[in-house]
Amino acid sequence: MSISLIAGEHFMLEHLARKWSRKAQQANTTELDLSGQIPHHVAVIMDGNGRWAKKRNLPRVAGHRAGMKTVKEVVKAADEIGVQYLTMYAFSTENWKRPRDEVDFLMRLPQEFLSTELEELVERNVRVRMVGSREQLPPYTIQALETAEQRTRNNTGLQLNFALNYGARKEIVEAVKDIAARLQAGEIDLEQLNEDVISRHLYTSEIPDPDLLIRTSGEIRLSNFMLWQLAYTELWFTEVLWPDFTREHFYQAIVEYQGRARRYGAV
(Lines give C-alpha, C1' and ligand atoms only; values in the text may rest on other atoms or scores of the structure.)
Protein backbone atom coordinates (compact mmCIF):
# COMPACT_ATOMS: atom_id res chain seq x y z
CA MET A 1 0.00 0.00 0.00
CA SER A 2 1.43 3.40 -0.95
CA ILE A 3 2.37 5.99 1.64
CA SER A 4 -0.07 8.47 0.09
CA LEU A 5 -2.92 5.96 0.36
CA ILE A 6 -2.09 5.20 3.99
CA ALA A 7 -1.95 8.92 4.75
CA GLY A 8 -5.27 9.38 2.97
CA GLU A 9 -6.93 6.63 5.00
CA HIS A 10 -5.49 8.06 8.20
CA PHE A 11 -6.86 11.49 7.34
CA MET A 12 -10.28 10.00 6.57
CA LEU A 13 -10.38 8.08 9.87
CA GLU A 14 -9.36 11.19 11.79
CA HIS A 15 -12.00 13.22 9.97
CA LEU A 16 -14.71 10.65 10.74
CA ALA A 17 -13.64 10.47 14.38
CA ARG A 18 -13.85 14.24 14.76
CA LYS A 19 -17.19 14.32 12.92
CA TRP A 20 -18.56 11.60 15.21
CA SER A 21 -17.28 13.46 18.27
CA ARG A 22 -19.02 16.66 17.18
CA LYS A 23 -22.27 14.80 16.48
CA ALA A 24 -22.08 12.99 19.81
CA GLN A 25 -21.64 16.24 21.69
CA GLN A 26 -24.41 17.95 19.71
CA ALA A 27 -26.74 15.01 20.31
CA ASN A 28 -25.85 14.79 23.96
CA THR A 29 -28.22 17.58 24.97
CA THR A 30 -30.37 15.44 27.23
CA GLU A 31 -31.61 17.42 30.17
CA LEU A 32 -29.30 17.14 33.10
CA ASP A 33 -30.54 14.68 35.72
CA LEU A 34 -30.29 16.69 38.93
CA SER A 35 -31.35 13.60 40.86
CA GLY A 36 -28.30 11.80 39.46
CA GLN A 37 -24.74 12.10 40.61
CA ILE A 38 -23.41 15.65 40.42
CA PRO A 39 -19.60 15.82 40.68
CA HIS A 40 -18.45 17.42 43.92
CA HIS A 41 -15.37 18.92 42.27
CA VAL A 42 -15.00 19.96 38.62
CA ALA A 43 -11.63 21.15 37.31
CA VAL A 44 -11.33 23.05 34.04
CA ILE A 45 -8.38 23.68 31.73
CA MET A 46 -9.56 26.80 29.92
CA ASP A 47 -7.80 26.48 26.57
CA GLY A 48 -8.20 28.15 23.20
CA ASN A 49 -8.43 31.88 23.95
CA GLY A 50 -5.53 32.72 21.65
CA ARG A 51 -6.84 30.60 18.78
CA TRP A 52 -10.30 32.11 19.20
CA ALA A 53 -8.81 35.58 18.78
CA LYS A 54 -6.60 34.55 15.85
CA LYS A 55 -9.61 33.18 13.94
CA ARG A 56 -11.13 36.65 14.21
CA ASN A 57 -7.92 38.55 13.39
CA LEU A 58 -7.87 39.96 16.90
CA PRO A 59 -4.96 40.22 19.37
CA ARG A 60 -4.58 37.28 21.74
CA VAL A 61 -5.60 39.43 24.71
CA ALA A 62 -9.05 39.83 23.13
CA GLY A 63 -9.49 36.08 23.49
CA HIS A 64 -8.55 36.20 27.16
CA ARG A 65 -11.08 38.95 27.78
CA ALA A 66 -13.78 37.00 25.94
CA GLY A 67 -12.87 33.97 28.06
CA MET A 68 -13.71 35.93 31.21
CA LYS A 69 -17.38 35.92 30.20
CA THR A 70 -17.25 32.15 29.90
CA VAL A 71 -15.79 31.90 33.39
CA LYS A 72 -18.77 33.81 34.73
CA GLU A 73 -21.28 31.58 32.92
CA VAL A 74 -19.60 28.33 34.01
CA VAL A 75 -19.43 29.51 37.63
CA LYS A 76 -23.17 30.25 37.55
CA ALA A 77 -23.95 26.91 35.89
CA ALA A 78 -21.85 24.95 38.40
CA ASP A 79 -23.37 26.80 41.33
CA GLU A 80 -26.94 26.25 40.12
CA ILE A 81 -26.60 22.45 39.80
CA GLY A 82 -24.84 21.95 43.13
CA VAL A 83 -21.17 21.51 42.26
CA GLN A 84 -19.25 22.16 45.48
CA TYR A 85 -15.77 22.95 44.10
CA LEU A 86 -14.83 24.48 40.75
CA THR A 87 -11.13 24.87 39.92
CA MET A 88 -10.18 26.99 36.91
CA TYR A 89 -6.64 26.69 35.47
CA ALA A 90 -6.00 30.39 34.92
CA PHE A 91 -2.20 30.69 34.61
CA SER A 92 0.47 27.99 34.71
CA THR A 93 4.09 28.22 35.81
CA GLU A 94 4.96 27.68 32.14
CA ASN A 95 2.86 30.65 31.00
CA TRP A 96 5.62 33.05 32.13
CA LYS A 97 7.33 32.11 28.81
CA ARG A 98 4.64 33.96 26.85
CA PRO A 99 5.19 37.49 25.44
CA ARG A 100 5.54 40.11 28.15
CA ASP A 101 2.49 42.13 27.10
CA GLU A 102 0.29 39.02 27.20
CA VAL A 103 1.60 38.03 30.65
CA ASP A 104 0.99 41.55 31.94
CA PHE A 105 -2.58 41.40 30.63
CA LEU A 106 -3.19 37.99 32.22
CA MET A 107 -1.90 39.30 35.55
CA ARG A 108 -4.47 42.10 35.36
CA LEU A 109 -7.37 39.78 34.59
CA PRO A 110 -8.04 38.60 38.19
CA GLN A 111 -8.26 42.23 39.26
CA GLU A 112 -10.57 43.08 36.36
CA PHE A 113 -12.77 40.00 36.80
CA LEU A 114 -13.14 40.34 40.56
CA SER A 115 -13.74 44.10 40.44
CA THR A 116 -16.87 43.47 38.36
CA GLU A 117 -18.00 40.06 39.64
CA LEU A 118 -17.11 39.97 43.34
CA GLU A 119 -20.39 41.44 44.57
CA GLU A 120 -22.39 38.83 42.67
CA LEU A 121 -20.10 36.07 43.95
CA VAL A 122 -20.74 37.29 47.50
CA GLU A 123 -24.51 37.31 46.85
CA ARG A 124 -24.32 33.78 45.43
CA ASN A 125 -22.55 32.58 48.59
CA VAL A 126 -19.49 31.60 46.52
CA ARG A 127 -16.14 31.32 48.26
CA VAL A 128 -13.05 32.39 46.29
CA ARG A 129 -9.64 30.84 46.79
CA MET A 130 -6.32 30.94 44.96
CA VAL A 131 -4.44 27.69 44.34
CA GLY A 132 -0.78 28.04 43.38
CA SER A 133 2.40 29.86 44.26
CA ARG A 134 2.27 33.56 45.09
CA GLU A 135 5.93 33.97 44.16
CA GLN A 136 6.44 36.19 41.07
CA LEU A 137 2.85 37.42 41.12
CA PRO A 138 2.59 41.24 41.03
CA PRO A 139 1.21 42.95 44.16
CA TYR A 140 -2.02 44.06 42.44
CA THR A 141 -2.83 40.47 41.44
CA ILE A 142 -2.23 39.19 44.97
CA GLN A 143 -4.22 42.06 46.47
CA ALA A 144 -7.24 41.38 44.22
CA LEU A 145 -7.24 37.70 45.16
CA GLU A 146 -6.68 38.31 48.86
CA THR A 147 -9.53 40.83 48.91
CA ALA A 148 -11.82 38.27 47.29
CA GLU A 149 -10.68 35.55 49.70
CA GLN A 150 -11.29 37.84 52.66
CA ARG A 151 -14.72 39.01 51.45
CA THR A 152 -15.93 35.48 50.79
CA ARG A 153 -14.16 33.53 53.57
CA ASN A 154 -17.41 32.84 55.47
CA ASN A 155 -19.42 31.81 52.41
CA THR A 156 -20.64 28.22 52.42
CA GLY A 157 -21.66 27.61 48.81
CA LEU A 158 -19.57 26.79 45.75
CA GLN A 159 -15.82 27.18 46.29
CA LEU A 160 -14.26 28.81 43.23
CA ASN A 161 -10.54 28.05 43.00
CA PHE A 162 -8.33 30.01 40.63
CA ALA A 163 -5.21 27.97 39.82
CA LEU A 164 -2.82 30.85 39.26
CA ASN A 165 0.94 30.48 38.82
CA TYR A 166 0.21 26.81 39.29
CA GLY A 167 2.38 23.88 38.18
CA ALA A 168 1.82 20.35 39.45
CA ARG A 169 5.49 19.36 39.39
CA LYS A 170 6.46 22.47 41.35
CA GLU A 171 3.65 21.72 43.79
CA ILE A 172 4.90 18.15 44.33
CA VAL A 173 8.54 19.26 44.71
CA GLU A 174 7.54 21.80 47.36
CA ALA A 175 5.47 19.16 49.15
CA VAL A 176 8.44 16.76 49.16
CA LYS A 177 10.70 19.49 50.58
CA ASP A 178 8.21 20.26 53.36
CA ILE A 179 7.81 16.58 54.24
CA ALA A 180 11.60 16.03 54.19
CA ALA A 181 12.07 18.96 56.56
CA ARG A 182 9.47 17.51 58.94
CA LEU A 183 11.12 14.08 58.78
CA GLN A 184 14.48 15.63 59.54
CA ALA A 185 13.01 17.55 62.46
CA GLY A 186 11.47 14.38 63.86
CA GLU A 187 7.91 15.72 63.52
CA ILE A 188 6.83 12.64 61.57
CA ASP A 189 8.25 9.13 61.22
CA LEU A 190 9.11 7.54 57.90
CA GLU A 191 6.57 4.80 58.60
CA GLN A 192 3.84 7.45 58.79
CA LEU A 193 4.52 8.68 55.28
CA ASN A 194 1.57 7.77 53.03
CA GLU A 195 -0.69 9.28 50.35
CA ASP A 196 -2.70 11.26 52.89
CA VAL A 197 0.46 12.94 54.23
CA ILE A 198 1.50 13.96 50.71
CA SER A 199 -2.00 15.25 49.90
CA ARG A 200 -1.98 17.41 53.04
CA HIS A 201 1.18 19.16 51.83
CA LEU A 202 -0.20 20.13 48.41
CA TYR A 203 -1.79 23.47 47.48
CA THR A 204 -5.12 21.64 47.46
CA SER A 205 -4.79 20.22 50.97
CA GLU A 206 -8.31 21.31 51.96
CA ILE A 207 -9.94 20.45 48.63
CA PRO A 208 -11.15 16.99 47.52
CA ASP A 209 -9.65 15.57 44.33
CA PRO A 210 -11.58 16.48 41.15
CA ASP A 211 -14.32 14.09 40.04
CA LEU A 212 -14.36 15.55 36.53
CA LEU A 213 -11.80 17.39 34.42
CA ILE A 214 -12.93 19.43 31.41
CA ARG A 215 -10.46 20.64 28.80
CA THR A 216 -11.46 22.78 25.84
CA SER A 217 -9.94 23.51 22.39
CA GLY A 218 -9.24 19.95 21.25
CA GLU A 219 -5.97 19.45 23.11
CA ILE A 220 -5.79 16.07 24.84
CA ARG A 221 -3.20 16.45 27.60
CA LEU A 222 -3.00 17.60 31.23
CA SER A 223 -0.37 20.33 30.81
CA ASN A 224 1.14 19.94 34.27
CA PHE A 225 -2.22 20.41 35.98
CA MET A 226 -3.08 18.59 39.23
CA LEU A 227 -1.06 15.49 38.30
CA TRP A 228 -1.40 13.96 41.78
CA GLN A 229 -5.05 14.89 42.26
CA LEU A 230 -6.28 13.64 38.85
CA ALA A 231 -5.30 9.99 39.46
CA TYR A 232 -8.92 8.76 39.25
CA THR A 233 -10.64 11.78 37.75
CA GLU A 234 -13.00 11.35 34.79
CA LEU A 235 -11.63 13.26 31.78
CA TRP A 236 -13.79 15.08 29.20
CA PHE A 237 -12.33 16.82 26.17
CA THR A 238 -14.03 19.04 23.61
CA GLU A 239 -12.86 20.85 20.48
CA VAL A 240 -14.86 23.94 21.49
CA LEU A 241 -12.59 26.92 22.19
CA TRP A 242 -12.96 28.36 25.68
CA PRO A 243 -14.66 31.66 24.70
CA ASP A 244 -17.27 29.62 22.78
CA PHE A 245 -17.86 27.19 25.65
CA THR A 246 -21.41 27.52 27.01
CA ARG A 247 -23.38 26.18 29.93
CA GLU A 248 -24.87 23.67 27.48
CA HIS A 249 -21.37 22.29 26.86
CA PHE A 250 -20.83 22.21 30.61
CA TYR A 251 -24.04 20.23 31.07
CA GLN A 252 -22.97 17.82 28.32
CA ALA A 253 -19.82 17.07 30.30
CA ILE A 254 -21.87 16.47 33.44
CA VAL A 255 -24.33 14.22 31.60
CA GLU A 256 -21.47 12.11 30.25
CA TYR A 257 -19.94 11.98 33.72
CA GLN A 258 -23.24 10.67 35.08
CA GLY A 259 -23.12 7.84 32.54
CA ARG A 260 -19.68 6.61 33.54
CA ALA A 261 -18.91 3.90 36.10
CA ARG A 262 -16.16 4.92 38.54
CA ARG A 263 -14.58 1.70 39.79
CA TYR A 264 -11.24 2.99 41.14
CA GLY A 265 -9.48 -0.15 39.97
CA ALA A 266 -12.16 -2.56 41.21
CA VAL A 267 -14.41 -4.72 39.03
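These numbers come from the heavy atoms of this one structure, side chains and all, not from hydrogens, waters or symmetry mates.
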(message) Quick one, V42 and P39 - any side-chain contact, counting heavy atoms below 4.5 Å?
(response) yes

(request) Return yes if a side-chain donor-acceptor contact under 3.5 Å exists between H41 and T87, otherwise no. (result) yes

(request) Quick one: pull up CG in L145 and CZ in F113 and give me the separation to the nearest 0.5 Å. (result) 11.0 Å

(message) Please report the interatomic distance NE2(H249) to CD1(I254), rounded to the nearest 0.5 Å.
(response) 14.0 Å

(message) Tell me if a side-chain donor or acceptor on T147 pairs with a main-chain N or O of Q143 at a distance below 3.5 Å.
(response) yes

(message) Taking R129 first and then E149, would you say they form a salt bridge - that is, a charged N and a carboxylate O separated by under 4.0 Å?
(response) no

(request) Would you sort out whether E73 and F250 count as a side chain to side chain contact (heavy atoms under 4.5 Å, CB included), showing the intermediate values? (result) CA-CA 10 Å; E73 284 305 304; F250 183 73; over 6 Å; no

(message) Keeping N194 on the side-chain end and V197 on the backbone end, is there a donor-acceptor pair under 3.5 Å?
(response) yes

(message) Under a 3.5 Å cutoff, is there a donor and acceptor pairing between the side chains of S223 and R215?
(response) yes

(message) Under 4.0 Å between a side-chain nitrogen and a carboxylate oxygen: does that hold for E146 and R153?
(response) no

(message) If the threshold is 4.0 Å, N to carboxylate O, is there a salt bridge linking R100 and D104?
(response) yes

(request) Answer yes if Y251 and M88 sit in the same cluster of Ile, Leu, Val, Met, Phe, Trp and Tyr residues linked by side chain heavy atoms under 4.5 Å apart, and no otherwise. (result) yes

(request) Verify the neighbour count for atom CD of Q184: are there more than 12 heavy atoms of other residues, nucleotides or ligands below 6.0 Å? (result) no

(request) Assess whether atom CD of E195 is packed by more than 12 heavy atoms of other residues, nucleotides or ligands within 6.0 Å. (result) no

(request) Could you tell me whether the side chain of T238 and the main chain of T216 form a donor-acceptor pair under 3.5 Å? (result) no

(message) Tell me the closest heavy-atom pair linking M107 and Y140, and the distance in Å.
(response) O-CE1, 3.7 Å

(message) Using every non-hydrogen atom in the two residues, find where G63 and P243 come nearest and quote the distance to one decimal.
(response) O-CG, 3.8 Å

(message) Could you check whether any side-chain heavy atom of L158 comes within less than 4.5 Å of a side-chain heavy atom of Q84, counting everything from C-beta outward?
(response) no

(request) Calculate, to the nearest 0.5 Å, the distance between atoms CZ and CH2 belonging to R260 and W236 respectively. (result) 9.5 Å

(request) Measure from the side-chain N and O atoms of D211 to the backbone N and O of T233, and report whether any donor-acceptor pair falls under 3.5 Å. (result) no

(message) With clusters defined by side-chain heavy atoms of hydrophobic residues (ILVMFWY) lying less than 4.5 Å apart, directly or transitively, does L118 cluster with V131?
(response) no

(message) According to a hydrophobic-cluster definition based on side-chain heavy atoms being under 4.5 Å apart (Ile, Leu, Val, Met, Phe, Trp, Tyr only), do I172 and Y89 belong together?
(response) no

(request) For N165 and E135, test the side chains for any donor-to-acceptor distance below 3.5 angstrom and give the result as yes or no. (result) no

(request) May I ask whether F105 and M68 are part of the same hydrophobic cluster, defined by side-chain heavy atoms of I, L, V, M, F, W, Y residues being less than 4.5 angstrom apart, directly or through others? (result) yes

(message) Would you say that more than 12 heavy atoms from the other residues, nucleotides or ligands in this model lie under 6.0 Å from the CZ of R169, or not?
(response) no

(request) Determine, step by step, whether L212 and I214 satisfy the side chain to side chain contact (heavy atoms under 4.5 Å, CB included) criterion, reporting the C-alpha distance in whole Å, the side-chain angles of both residues, the deciding distance to 0.1 Å, and the verdict. (result) CA-CA 7 Å; L212 172 66; I214 296 171; 4.2 Å; yes

(message) Any donor-acceptor pair under 3.5 Å linking the side-chain atoms of Q229 with those of E171?
(response) yes

(request) Compare all side-chain heavy atoms of E80 with those of R124 and state whether any distance is below 4.5 angstrom. (result) yes

(message) Quick check against the 3.5 Å criterion: does E256 have a side-chain atom that pairs as donor or acceptor with the backbone of A253?
(response) no

(message) Applying a strict under-4.5 Å side-chain criterion to I, L, V, M, F, W and Y, I'd like to know whether L202 and I45 cluster together.
(response) no

(message) Measuring only between side-chain heavy atoms, which start at C-beta, is I179 closer than 4.5 Å to I188?
(response) yes

(request) To the nearest 0.5 angstrom, please state how far the OG atom of S199 sits from the CG atom of D209. (result) 6.0 Å

(request) May I ask you to check whether Y166 and F91 place their ring centers less than 6.0 Å from one another? (result) no

(request) Show your working on salt bridge (Lys or Arg N to Asp or Glu O under 4.0 Å) between R151 and E119 and close with a plain yes or no. (result) CA-CA 9 Å; R151 286 281 310 279; E119 292 305 321; 3.1 Å; yes

(request) State, without any angle test, whether H201 and E174 hold a side-chain donor-acceptor pair at a distance under 3.5 Å. (result) no

(message) To the closest 0.5 Å, what do you measure between CG (L193) and CD1 (I198)?
(response) 5.5 Å

(request) Check for a donor-acceptor pair, side chain of S92 on one end and backbone N or O of N95 on the other, with a separation under 3.5 Å. (result) yes

(message) Between R65 and E112 (salt bridge meaning N to carboxylate O under 4.0 Å), is one present in this structure?
(response) yes

(message) Contact between F162 and V128 at the side-chain level, heavy atoms closer than 4.5 Å - yes or no?
(response) yes

(message) I'd like to check E234 versus L213 (side-chain heavy atoms, cut-off strictly below 4.5 Å). Are they in contact?
(response) no

(request) Report yes if some heavy atom in the side chain of E102 is under 4.5 Å from a heavy atom in the side chain of L106; otherwise report no. (result) yes

(request) Check the pair I81 / L34 against side chain to side chain contact (heavy atoms under 4.5 Å, CB included), numbers first and verdict last. (result) CA-CA 7 Å; I81 66 173; L34 293 176; 3.9 Å; yes

(request) Would you mind reporting whether R98 and R60 have side-chain heavy atoms less than 4.5 Å apart? (result) yes

(message) For the residue pair S217 / R51, report whether a side-chain donor-acceptor contact shorter than 3.5 Å exists.
(response) yes

(request) Applying side chain to side chain contact (heavy atoms under 4.5 Å, CB included), name anything that partners T70, two or more places apart in sequence or on another chain. (result) V74, W242, F245

(request) For R263 and Y232, test the side chains for any donor-to-acceptor distance below 3.5 angstrom and give the result as yes or no. (result) no

(message) Any side-chain to backbone donor/acceptor pair from D33 onto S35? Under 3.5 Å, distance only.
(response) yes

(message) Please determine whether side chain to side chain contact (heavy atoms under 4.5 Å, CB included) holds for the pair L86 and N161, giving the CA-CA distance in whole Å, both sets of side-chain angles, and the decisive distance to 0.1 Å.
(response) CA-CA 6 Å; L86 180 65; N161 306 306; over 6 Å; no

(request) Say whether, by atom type as modelled, one donor and one acceptor occur between the side chain of Q159 and the main chain of R127 under 3.5 angstrom. (result) no

